[in-house]
Amino acid sequence: MQGEFEKVIGSLIREHVFAKPLRLSDVPSWQGHIPFAYFLVSLLKPHTLVELGTHKGDSYSAFCQTVQTLGMQTRCFAVDTWQGDDHAGQYSDEIYNSLSQFNSENFSDFSTLLRARFEDAVEKFDDNSIDLLHIDGLHTYEAVKSDFETWKPKLSSRSVVLFHDTQIREKDFGVWKLWDELSPKYPTQEFTHSNGLGILGYGASLDEDVKNFLTKDAHSWTFIQSFFERLGTACSATGMTLRLEGDLGRAQNEHEHLLGVIRDQNADNRREQDHLKSVILEIKSLLEDEQQNVERLLQSTSWKITRPLRALAQALRGTRSS
């Protein structure tokens, strides 16, 4: 078994597949495929690479990192609105700005971020020009099928197409459905880890190395799947750690916020209690003063002198009422 593993994996062992990613975000869903991204770019040697749906840029940066490491002449393009969708959620310009700065600092010689809708950006590319297309936008069946059909004329005769999230069958994800339709028609392989990644040889004149990779038998693919999954675990584990740290930071901030609200409420309650005590004391003081005034009045000479008049007035009221 060990010798068979080495025989299958031997041709895949390239130094750069073990490279540390230059960019890892807190979104780990694609990160398990980063070592394969290194390998595929070196195997295919694309002249033009396009990614549809980039978000924080983990997959795209992995492609670009290989181009840079190997000194390739590849032109890379990331297409996204960087506004989010129903699956990725909505987000602010902070994500685009962060990726744009990273891209400018590391890959500006050959990489371009196109902030546009997929159906608008497609017009910027010549027919039969794209060698590697990665589709990772909105994941409904209708959306991913539309992306594939829209960009097919741009694919070259040696092109490969990647479909992410082929293993998700919940909510309205439908990449798996399109993948089931396309797989019998083309040379394909699929990784099942990290939400699934379908690899489809679209071009009619695939390079021999690419064709051999995509036509591996099921037994050999088991070793390949295990190899890249194990390599990808370190990347996705880092991304998960970043996500958990982010969640923890947000939870701590929320905790501090709630403590502040409680402190403010307690302070308000204390102020209200102090105010109420002050009012009660003031009322007590007024009542005491009034009581003293009444007592002084009752003790006064004028009160005593007018007592007969008050008695007469009381008697007269009684007479009228009868």
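For reference, positions follow the sequence shown, starting with 1. This is a predicted model, so every value here is computed, not measured.
Not a single donor-acceptor pair under 3.5 Å links the side chain of Glu51 to the backbone N or O of Ser59. Put simply, the side chain of Lys154 never gets that close to the backbone of Asn128: no donor and acceptor are under 3.5 Å apart. Distance alone, capped at 3.5 Å, is enough to place a donor-acceptor pair between the Thr69 side chain and the Gln65 backbone. No side-chain donor-acceptor contact under 3.5 Å links Asp207 to the backbone of Asp209. With Thr222 contributing its side chain and Ala218 its backbone, the two residues share a donor-acceptor pair below 3.5 Å. In terms of modelled atom types and a separation under 3.5 Å, the side chain of Arg75 and the main chain of Thr48 share no donor-acceptor contact. Proximity of a side-chain donor or acceptor of Ser285 to a complementary backbone N or O of Leu281 within less than 3.5 Å is not detected. Judged by distance alone, with hydrogens and angles left aside, the side-chain atoms of Asn97 form a donor-acceptor pair with the main-chain N or O of Asp93 at under 3.5 Å. With His55 contributing its side chain and Gly53 its backbone, the two residues share no donor-acceptor pair below 3.5 Å. Although no hydrogens or angles enter the test, the distance criterion places no donor-acceptor pair under 3.5 Å between the side chain of Asn103 and the main chain of Leu99.
Within the model, atoms NZ of Lys216 and CH2 of Trp221 stand 9.5 Å from one another, a figure rounded to the nearest 0.5 Å. Once rounded to the nearest 0.5 Å, the distance linking CD of Gln101 with CG of Asn106 reads 10.0 Å. Once rounded to the nearest 0.5 Å, the distance linking CG of Leu162 with CG of Leu133 reads 8.0 Å. For the atom pair CZ of Arg23 and CZ of Phe107, the computed distance is 9.5 Å after rounding to the nearest 0.5 Å. In this structure, Leu178 CG and Glu142 CD are separated by 10.5 Å, a value rounded to the nearest 0.5 Å. In this structure, OG in Ser61 is found 4.5 Å from CZ in Phe102, a value given to the nearest 0.5 Å.
Residues Asp136 and Leu52 are not in side-chain contact: their nearest non-hydrogen atoms beyond the backbone lie 4.5 Å or more apart. Side-chain atoms of Leu43 and Val210, non-hydrogen and from C-beta on, do get closer than 4.5 Å to each other. Between Thr233 and His193 there is no side-chain heavy-atom pair separated by less than 4.5 Å. Using a 4.5 Å cut-off on side-chain heavy atoms (C-beta onward), Phe191 and Thr166 make no contact. Counting only heavy atoms from C-beta outward, the side chains of Gln73 and His47 never approach each other to under 4.5 Å. Proximity of Trp30 to His134: side-chain heavy atoms (C-beta onward) are separated by under 4.5 Å at one or more points. Here the side chains of Glu190 and Leu197 are not in contact, with every heavy-atom distance at 4.5 Å or above. The shortest side-chain heavy-atom distance between Phe110 and Thr74 does not fall under the 4.5 Å cut-off.
For the residue pair Ser156 / Asp131, a side-chain donor-acceptor distance below 3.5 Å is found, with atom types taken as modelled. In this model, a donor atom of one side chain and an acceptor atom of the other lie less than 3.5 Å apart for Asp58 and Gln31. For the 3.5 Å distance criterion, the side chains of Tyr60 and Ser111 qualify, holding a donor opposite an acceptor.
With sequence neighbours left out, the side chain to side chain donor-acceptor pair (under 3.5 Å) criterion links Asp180 to no other residue. In terms of the side chain to side chain donor-acceptor pair (under 3.5 Å) criterion, Ser100 has no residue partners (sequence neighbours excluded).
Residues Tyr38 and Phe63 keep their aromatic ring centres 6.0 Å or farther apart. Less than 6.0 angstrom separates the ring centroid of Phe228 from the ring centroid of Phe39.
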Step-by-step side-chain hydrogen bond (donor to acceptor under 3.5 Å, both in side chains) determination, His16 to Thr66: CA-CA 7 Å; His16 57 272; Thr66 307; 5.7 Å; no
Residue pair Asp147, Thr150: steps toward the side-chain hydrogen bond (donor to acceptor under 3.5 Å, both in side chains) verdict: CA-CA 5 Å; Asp147 294 340; Thr150 300; 5.8 Å; no
Audit row: Tyr141, Glu181, side-chain hydrogen bond (donor to acceptor under 3.5 Å, both in side chains) steps and yes/no: CA-CA 11 Å; Tyr141 171 78; Glu181 293 176 1; 2.9 Å; yes
Worked check of ring pair (Phe, Tyr, Trp, His ring centres under 6.0 Å) between Phe118 and Trp151: CA-CA 9 Å; Phe118 299 165; Trp151 285 78; 7.4 Å; no
Verdict with supporting geometry, Leu113 and Tyr96, side-chain contact (heavy atoms from CB on, under 4.5 Å): CA-CA 9 Å; Leu113 305 187; Tyr96 171 77; 4.1 Å; yes
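Under 4.0 Å is where a charged nitrogen must lie from a carboxylate oxygen, and between Asp26 and Lys56 at least one such pair does. For the pair Lys152 and Asp127, the salt-bridge criterion is not met [side-chain N within less than 4.0 Å of a carboxylate O].
One hydrophobic cluster, built from ILVMFWY side chains closer than 4.5 Å, cannot hold both Phe77 and Leu132; they sit in different ones.
More than 12 heavy atoms of other shown residues, nucleotides or ligands fall within 6.0 angstrom of atom CZ in Arg169. Shown here is Glu94, whose CD atom has no more than 12 heavy atoms of other residues, nucleotides or ligands within 6.0 Å.
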